[in-house]
Q: 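After the structure tokens below, expect a handful of questions from me.
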Amino acid sequence: MYRIGIAEDEEQALERLQEFLSRYAGEHSMEIAVTPFSDGQDLVEGYRPIYDLLLIDIEMPRMNGMEAAGKIRRTDPLVPIIFVTNLARYAVRGYEVGAIDFVVKPVSYYAFAMKLRRALALIEGRQERSLIFPLRDGFRRVSEGEIRYIEINGHQMTVHLKEESFVVSGTLRKIEEQVTPGRFARCNSCYLVNLSFVSAVEGDEVTVGGDRLRCSRPKRKAFLEAVTNYMGVWGR
Amino acid sequence: MRELDILTGLILGHFYFLLGCMLFMMPLRRRPFFALRAAACGLASYGLFFLFLTPPSDSLLFYSLPYIFFWASGVFFTLGCCECGIREAVFCAVCAYALQHIASTAYLLLDYLIWGGRSWHLALQGVIYGVLWLLVWRVIIRRAKPWQIPLSQSISGVMVILPISIVFSAVIDHAEFSGQGGQILMLRGYDLICSVFALYFLLSVQRWLESQQELTAIRQMWQVRRNQLIEEQETMRRIDQRCHDLKYHMQAIQDLGAEGRVSEKLSEMAGLIARYDASAQTGNEALDAVLTKTALTCEARGIGWTCMADGSGLGGLDPVDLYAMMGNALDNAIEAVQRLEDPQKRIVDVTVRPCGQMVLLQVENYSKEPEFSEDGLPRTSKADPNVHGFGTRSIRDIAESYGGTLTLDYQQGIFTLRILLPLRP
């Protein structure tokens with residue numbers, strides 16, 4: 001069930017968006033709950049981060065969309081925001097408040113559907129799976145989002161988190177089966193990398209959350225493609 | 001009786017040779033009345049050949065003459081039947097000669113091995129020729145374009161193929177004559193191997209030369225396209241400049257206290273110019289140019305256009321490369337949406353976004369299902385595949401030259417093109 005908030009002052013435009021959302025939900029068998037707001041002020045007042053997606057009109061009388069987005073970001077840095085606007089020019093500034101996209105009025109269904117599809121892929125990917133690693137004495141539960149990369153050296157497998165690393169036993173293949181598809185990729189037969197931590201690729205080296213790892217020749221192309229697709233869907 | 005055998009052998013051998021010539025002639029353009037010509041030239045070539053049959057002598061030159069004229073008659077035959085230059089005729093005759101020599105050597109070898117001597121096995125001969133022709137046809141002729149033979153190829157063909165057969169024949173005849181029969185097997189075997197390799201290399205070099213030509217042609221087309229893109233970029237920059245100048249002047253007029261109708265007119269004009277001011281401001285000039293150009297094109301063709309682009313990290317790229325990559329990608333997207341039946345689906349969306357120390361460029365559009373070919377790139381549906389299909393290939397090449405990559409995806413009716421580029425500091 002997806003909770004979607006719409007901030008739009010024009011009656012007609014609001015109805016249109018709601019209609020499109022229902023149509024999309026119907027075509028893709030999704031359940032949605034839409035909460036409308038008639039102005040930026042209303043959206044921001046008493047805002048709680050319960051939404052999966054926000055559609056915000058930029059041109060609103062009391063508080064415009066950019067301002068509203070800026071305020072919301074302070075308490076909710078993660079919620080995907082799609083701006084609705086009359087003028088495409090303002091769209092580039094959308095990056096400043098972390099908007100993922102925008103649509104231009106009058107909104108057409110197909111343009112809207114394209115953006116919505118992307119937003120939904122992003123939302124789905126946000127679910128982080130937990131992995132359970134058996135240790136010598138007990139086990140340890142880690143969210144996949146905390147893992148930078150996993151390294152295998154002979155039979156020893158080291159899990160590198162943001163601040164620490166620990167050693168476990170196991171195989172990379174088993175881990176690959178457990179994580180969210182598309183989120184991890186191997187740059188080398190001994191490294192399984194969490195793509196959200198990839199910040200640079202230079203020649204044969206990939207920088208993963210501060211550490212530089214070597215890409216093997218045969219795996220490089222496929223790894224780069226995995227990074228590209230990850231960045232395309234979830235990247236930031 | 002022996003003479004009759006030899007005569008028949010020669011006539012038959014020549015006949016096979018002419019058939020071989022016709023095999024290698026297949027990629028060439030035939031002259032009118034081909035069948036008639038073939039018959040006439042065939043007979044004439046016999047004339048040429050027999051005219052110069054000389055009795056065996058110790059002089060190598062005299063010894064070689066029949067062989068040379070044998071081959072030359074093939075050149076004459078080819079020229080008579082097809083529209084081609086001397087080089088192509090020489091090449092065909094040389095290949096046919098080699099083939100004929102290979103076949104007859106193989107036959108003699110088998111004859112010697114199985115039946116120990118000179119006897120007639122027409123059926124075996126026919127089979128050997130048949131197999132060889134089939135092999136050559138399947139591997140070479142079927143896929144061959146009309147022969148374009150450079151001088152070096154035709155000369156080396158003659159210089160390699162003819163001497164092999166002449167020398168070996170001379171040596172074998174000498175061995176037979178001086179009674180060293182045992183060596184004949186070895187000599188014939190070696191002759192066969194050499195001739196096969198010689199023909200193989202001749203044809204391989206030809207194929208390689210042809211692919212080089214193709215490559216050169218593609219490179220030239222790409223160069224032309226690149227020049228076009230550079231010009232387009234220049235034009236866009238100038239239009240942009242003019243628009244800014246105009247806006248500045250109009251603002252100046254407004255500031256001077258324009259009122260009423262004048263002011264209205266000015267606002268109207270500003271509105272018109274604003275359309276051209278779909279000018280992107282992404283932080284990178286080349287990106288601005290290609291996005292603005294595409295925005296205008298889309299507007300002219302009624303295609304929906306959305307763009308969210310931060311080009312600030314792209315400074316390390318050669319502007320022409322960037323313009324070419326994005327230009328190609330966007331051209332493809334526009335073509336794809338124009339082919340859609342539902343005009344509402346004609347939408348192109350562009351995102352350019354920094355990710356860490358990399359930049360992601362993405363183009364999304366609705367599209368009909370594309371066919372992907374073996375190299376992972378979509379097959380073009382444009383009439384001239386050489387012009388259009390290589391657009392995606394060139395995007396990939398440019399991306400990879402910067403250490404980046406190109407990915408393509410098609411899901412739920414939407415085609416997504418993504419380019420990832422590591423940034424140069």
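Order of the sequence lines fixes the chain letters, A, B, ..., with proteins taken first and strands second; residue numbering starts at 1 for each chain.
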Q: Tell me, out of L421(B), I419(B), L360(B), who's got the most heavy-atom pairs with chain A below 4.5 Å.
A: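 The answer is L360(B).
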Q: Taking atom CG of L406(B) and atom CD of E225(A), what is their separation to the nearest 0.5 Å?
A: 8.0 Å
Q: Side chains of V104(A) and T306(B): does their closest heavy-atom pair fall under 4.5 Å?
A: yes
Q: How about CZ on R3(A), more than 12 heavy atoms from neighbouring residues, nucleotides or ligands closer than 6.0 Å, or not?
A: no
Q: If you count the non-hydrogen atoms of other residues, nucleotides and ligands that lie under 6.0 Å from CZ in R242(B), is the total more than 12?
A: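 No, CZ of R242(B) has 12 or fewer neighbouring heavy atoms, counting only those of other groups under 6.0 Å.
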Q: Got more than 12 heavy atoms from elsewhere within 6.0 Å of CD, E285(B)?
A: no
Q: With a strict 4.5 Å heavy-atom criterion, list every residue of residues 7-18 of chain A that contacts chain B, or say none.
A: none
Q: Rounded to the nearest 0.5 Å, how far apart are CG of D349(B) and CG of D101(A)?
A: 5.5 Å
Q: Between atom OH of Y109(A) and atom NZ of K345(B), what is the distance when rounded to the nearest 0.5 Å?
A: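 Result: 9.5 Å between the selected atoms.
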Q: Hey, what do you get for CD (Q357(B)) to CD (E202(A)), rounding to the nearest 0.5 Å?
A: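 Taking CD in Q357(B) and CD in E202(A), the distance rounds to 6.5 Å.
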Q: Can you tell me which portion of Q362(B) sits under 4.5 Å from chain A's heavy atoms? Options are side chain, backbone, both or neither.
A: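 For Q362(B), side-chain heavy atoms alone lie under 4.5 Å from chain A.
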Q: Heavy-atom cut-off 4.5 Å, strictly under: side chain, backbone, both or neither for T228(A) against chain B?
A: both
Q: Should D342(B) and Y110(A) count as side-chain neighbours, where that means a heavy-atom distance under 4.5 Å?
A: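 Counting from C-beta outward, D342(B) and Y110(A) do come under 4.5 Å.
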Q: Which of residues 203-223 of chain A get closer than 4.5 angstrom to chain B, counting heavy atoms alone?
A: R220(A), K221(A)
Q: Between E400(B) and chain A, which part of the residue has a heavy atom less than 4.5 Å away: side chain, backbone, both or neither?
A: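 Answer is side chain: those atoms of E400(B) sit under 4.5 Å from chain A.
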Q: Where is the tightest heavy-atom contact between P422(B) and V201(A), given as atom of each residue plus distance?
A: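 It is CB-O, 2.9 Å.
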Q: Please check if the side chain of R117(A) supplies one atom and the backbone of I414(B) the other of a donor-acceptor pair under 3.5 Å.
A: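 Checked: no pair found.
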Q: May I ask you to say whether E364(B) pairs ionically with R118(A), meaning some side-chain N is under 4.0 Å from a carboxylate O?
A: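 A salt bridge links E364(B) with R118(A).
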Q: Rounded to the nearest 0.5 Å, what's the gap from CZ on F102(A) to SG on C307(B)? Could you check?
A: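 Reported value, rounded in 0.5 Å steps: 6.5 Å.
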